[in-house]
Amino acid sequence: MINRIKEVIDNEYNKERNYEEIINKTSKKREFKARFVLVPASILVIVLISVSLLLTKTSKDNNNVIVSKNDNNDYIYINEEDIQNTASAQLDVDARAIQVNDMYERWPFLYNVEVPEDMELKEAFLVFVRDGGDDYTKERQTQIVYEGTKERDSYIEIAFTKEDEVLRCLYYFTNNQVKSRIGNTELQIVKIGNTSYYTKFRYNDLTFEIEGRNITGVEFIKLLKSIIV
Amino acid sequence: MSTQISLEKFRQIYDDTYNETLKYIICNTSNIDDVNELLQSTYVELYIMLEKKKSILLDNVQSYIIGIAKNKIKRHYSIIKRFWNVHKVVDVESDSVEQEIPDNFSIEDVVVTKEIAQKVWEYIKKKDILTTKIFYLYYYNELKLSQIAAELNITEQNVKNKLYRTLNELRKNFLKEGD
């Protein structure tokens with residue numbers, strides 16, 4: 001007996017059509033990248049000078065990580081991890097949207113956060129947990145989400161709490177990762193896959209965990225330096 | 001045994017891993033309409049990785065790709081939707097009313113034409129996401145009810161209830177159309 005439902009589902013998730021889309025998307029990503037690589041020499045010089053203000057010296061060690069130092073004695077070490085090494089958990093929380101104005105009033109440092117120009121603040125939440133009873137009444141942490149254009153598909157999430165740890169679905173950090181330093185603040189910075197960066201640190205009595213997706217390492221470090229001043 | 005994969009083998013890897021990756025994404029998505037996008041972005045990530053690293057040595061290619069898909073899914077949904085899914089799992093288990101279908105009923109009695117099959121699938125997609133996943137696993141992957149329960153981390157009774165209730169609805173809504 002013909003399974004017509006199976007045929008319909010097969011057509012919905014058509015293997016050949018998806019393959020064509022995948023190849024198209026990889027071509028578009030290459031073109032997008034090329035647009036920013038093939039620039040006039042003079043502009044390239046300006047870009048290089050600007051980048052050097054953040055990261056004066058970079059080198060790759062044997063383990064394929066990026067090490068850099070600058071005049072402020074900041075030390076940036078990006079640990080590269082395989083996605084298979086990440087762990088995950090389900091969280092028992094309630095997330096409630098908050099008004100942007102309320103958010104800035106509570107956390108004025110957010111005015112100084114530097115994200116790439118094509119990105120804008122999209123959502124902000126307060127995360128609540130249970131406090132002994134059934135209801136989610138204890139405020140645990142704040143989460144701010146920035147998103148970029150659809151073409152770039154960039155995303156930044158800043159989570160922070162007064163507690164020692166940020167609650168997270170995914171864990172990227174291990175004890176054997178090399179620590180970085182910005183000013184007097186120690187951080188762990190991890191890169192997973194091609195374009196995802198994560199960091200955690202404690203600054204001004206807040207514990208931060210920040211995720212950046214489809215942004216460059218330079219943009220990610222610039223964001224961190226706008227928070228850790 | 002480890003396998004070396006490279007860009008030249010991308011099409012073969014895609015063909016070999018597609019079905020399992022699709023099944024994983026469908027079972028773990030929060031919105032059935034996001035499946036193709038998630039699937040494509042998973043393989044785009046793999047493609048770019050192969051382009052950059054030239055070749056990767058892996059113990060298990062399928063697990064590696066599932067790992068990419070897992071991360072894609074988690075990042076695709078905003079924090080509100082991730083937490084919303086946590087609560088929803090608890091609600092589903094309270095649905096315990098036993099359902100029966102007529103002994104001589106088969107979904108093929110309803111989907112006599114391709115057009116009706118399409119309408120039936122659109123109807124199923126509009127149900128809650130769990131029902132859609134159950135139908136996909138039952139009719140596309142041809143899994144048993146116990147296997148579906150294990151795959152979706154719910155009880156077999158829950159699978160049966162959702163499947164049979166929806167089949168009854170289909171029988172009422174579409175059987176006349178197929179006559």
Side-chain angles (χ1 to χ4, degrees), chain A residues 1-15 17-26 28-30 33 64 82-86 88 90-97 122-125 127-128 136 143-145 147 153 155 157 159 167 169-170 192-196 211 213-214, chain B residues 10-11 14-15 18-19 22 25-26 32 35-37 39-49 51-53 58-60 63-64 67-68 70-71 74-75 78-80 82-87 89 106-108 111-114 116-118 120-122 124-125 135-136 138-142:
Chain A
M1 189 178 282
I2 299 165
N3 185 344
R4 289 201 171 85
I5 290 285
K6 195 166 179 170
E7 282 177 16
V8 168
I9 296 173
D10 225 8
N11 187 51
E12 173 115 11
Y13 307 113
N14 187 277
K15 194 174 177 182
R17 202 165 52 228
N18 274 322
Y19 187 77
E20 280 170 27
E21 278 300 313
I22 288 161
I23 300 302
N24 280 342
K25 283 179 179 178
T26 55
K28 279 181 188 157
K29 278 195 185 276
R30 250 181 262 120
K33 221 166 145 185
N64 214 31
D82 194 296
I83 48 169
Q84 291 192 97
N85 294 337
T86 60
S88 65
Q90 277 199 328
L91 301 179
D92 183 23
V93 298
D94 182 33
R96 300 170 203 166
K122 193 81 180 170
E123 298 169 301
F125 308 100
V127 176
F128 290 81
Y136 299 87
Q143 318 249 162
I144 317 285
V145 173
E147 287 183 8
D153 192 28
Y155 175 96
E157 189 177 313
L167 293 178
C169 299
L170 297 172
I192 294 182
N194 294 322
T195 52
S196 296
E211 172 184 348
R213 188 183 72 210
N214 288 333
Chain B
F10 180 78
R11 178 68 215 228
Y14 177 79
D15 287 337
Y18 182 83
N19 287 334
L22 175 63
I25 291 172
I26 288 181
I32 204 71
V35 170
N36 280 320
E37 191 183 327
L39 191 83
Q40 289 161 20
S41 67
T42 298
Y43 282 99
V44 166
E45 170 95 8
L46 176 70
Y47 189 99
I48 291 169
M49 222 177 283
E51 216 174 27
K52 189 181 168 187
K53 293 192 177 181
L58 294 171
D59 289 333
N60 187 321
S63 293
Y64 188 79
I68 299 175
K70 191 174 165 181
N71 276 283
K74 286 192 191 299
R75 277 149 193 72
S78 71
I79 200 85
I80 274 274
R82 280 189 238 159
F83 293 150
W84 181 80
N85 277 329
V86 170
H87 295 166
V89 167
S106 160
I107 199 172
E108 293 299 337
V111 289
V112 291
T113 66
K114 205 172 171 183
I116 295 174
Q118 185 66 49
V120 164
W121 175 239
E122 293 301 324
I124 292 166
K125 278 203 300 178
F135 265 79
Y136 167 79
Y138 192 74
Y139 285 103
Y140 189 79
N141 289 107
E142 295 174 357

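Numbered from 1 within each chain, the chains take letters A, B, ... in sequence-line order. Values reported hereafter were calculated over all heavy atoms of this structure, with side chains retained and with hydrogens, waters and symmetry mates removed.
At a threshold of 4.5 Å between non-hydrogen side-chain atoms, the residues A/Glu21 and B/Glu37 do not count as touching. Using a 4.5 Å heavy-atom cutoff, the side chains of A/Tyr19 and B/Arg11 are in contact.
Rounding to the nearest 0.5 angstrom, the gap separating the CG atom in B/Leu46 from the OG1 atom in A/Thr26 is 11.0 Å. Taken from OG in B/Ser41 to CD1 in A/Ile22, the straight-line distance is 9.0 Å, to the nearest 0.5 Å. Distance CD1/B/Ile32 to OH/A/Tyr13: 4.0 Å, rounded to 0.5 Å. Once rounded to the nearest 0.5 Å, the distance linking OH of B/Tyr136 with CD1 of A/Ile9 reads 7.5 Å. Between the CD atom of B/Gln40 and the CZ atom of A/Arg17 there is a distance of 9.5 Å, given to the nearest 0.5 Å.
When all heavy atoms of A/Ile23 and B/Phe10 are compared, the closest pair comes out as CD1-CE2, 4.4 Å. In terms of heavy atoms, B/Asn36 sits closest to A/Asn18 at OD1-ND2, 3.0 Å.
The side chain to side chain contact (heavy atoms under 4.5 Å, CB included) test applied to A/Val8 returns B/Ala117, B/Gln118, B/Trp121, not counting sequence neighbours. Residues that satisfy the side-chain hydrogen bond (donor to acceptor under 3.5 Å, both in side chains) test with B/Tyr138, not counting sequence neighbours, are absent from this structure.
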Apply the test side chain to side chain contact (heavy atoms under 4.5 Å, CB included) to residues B/Tyr140 and A/Ile5: give CA-CA distance (whole Å), side-chain angles for both, the deciding distance (0.1 Å), then the verdict. CA-CA 7 Å; B/Tyr140 189 79; A/Ile5 290 285; over 6 Å; no
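When heavy atoms are compared at a cutoff of 4.5 Å, B/Tyr43 approaches chain A by way of both its backbone and its side chain. Using a 4.5 Å cut-off between heavy atoms, A/Asp10 touches chain B through backbone and side chain atoms alike. Contacts between B/Asp15 and chain A at a heavy-atom distance below 4.5 Å involve backbone atoms as well as side-chain atoms.
Counting heavy-atom pairs closer than 4.5 Å to chain B, the top-ranked of the candidates A/Arg213, A/Lys6, A/Lys15 is A/Lys15.
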